[in-house]
Amino acid sequence: MNLRDISHPREGLVRIAAEFYRRGWMAGTAGNLSCRDPGDASSFWVTASGKAKGALTPEHFLLIDVAGGQVLEQGAPQNRPSAETAIHRALYRLFPDARACMHVHTVDACLAADRAQGDLLPLPPLEMLKGLGIWTEKPAVALPLFENHLDIGRIAEDIQQRFVHLPQVPAFLIRDHGITVWGESLEQAFHRTEIMEYILSYIARR
Ligand SMILES: [Zn+2]
């Protein structure tokens, strides 16, 4: 994935969405991607509601205020914020270092969540964990799991309440729904999403 020759991170998100769509991780209009505004970290760009993720353009994004949640720029007049914008906003409020966030609906994420113990999914000690910043011998790492709610605002509130401290890995699961992964750059968030999905696929096949 070449993200070096882009003039704005929205172009990078368009490429990433097309790739995730190709892999079946953003089927139809599912999922959403975001990044902080490069000139103002107090706001972030997020995909507009109901757009086909395999055919996005840089106009299909809204600029959202992190603190208040209001729309600062609409991208195009018909753009509406997705309810899932609340999940992205919660992460940017919690973690100042997060600059990009990927929320995708994958089959293996839903299957793997069924192996959770309570609200944590233990992760196998795979080599791939290094890509998520885990460098210990035989690591004991668990992925936070949240219950799914029709009211997405309720999921965002649960995230806000639970993540008083940084989780072990920069990701979480929502049961019967999908994964959310963040990073300090577009590239890092993209790679971490690939790694997380690899680990969840492994769990789902065991
Ligand atoms: Zn979702």
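Indexing begins at 1, ligand by ligand and atom by atom, following the structure's order.
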Check for a donor-acceptor pair, side chain of [X] on one end and backbone N or O of [Y] on the other, with a separation under 3.5 Å.
X: N79; Y: Q74; answer: yes
X: R15; Y: I6; answer: no
X: R36; Y: R99; answer: no

Quiz item: Under 2.8 Å from the Zn ion (ligand 1), which protein N/O/S atoms are there?
Solution: E84 OE1, E84 OE2, H103 NE2, H105 NE2, H177 NE2
Self-check item: H88, H105, K53, H103 screened by side-chain hydrogen bond (donor to acceptor under 3.5 Å, both in side chains) with N32, the one that passes
Solution: H88
Quiz prompt | Parallel, tilted or perpendicular: rings of H8 and W45 (30°, 60°) | solution = perpendicular
Quiz item: Is M196 linked to L120 within one hydrophobic cluster, defined over Ile, Leu, Val, Met, Phe, Trp and Tyr using a side-chain heavy-atom separation of less than 4.5 Å?
Solution: no
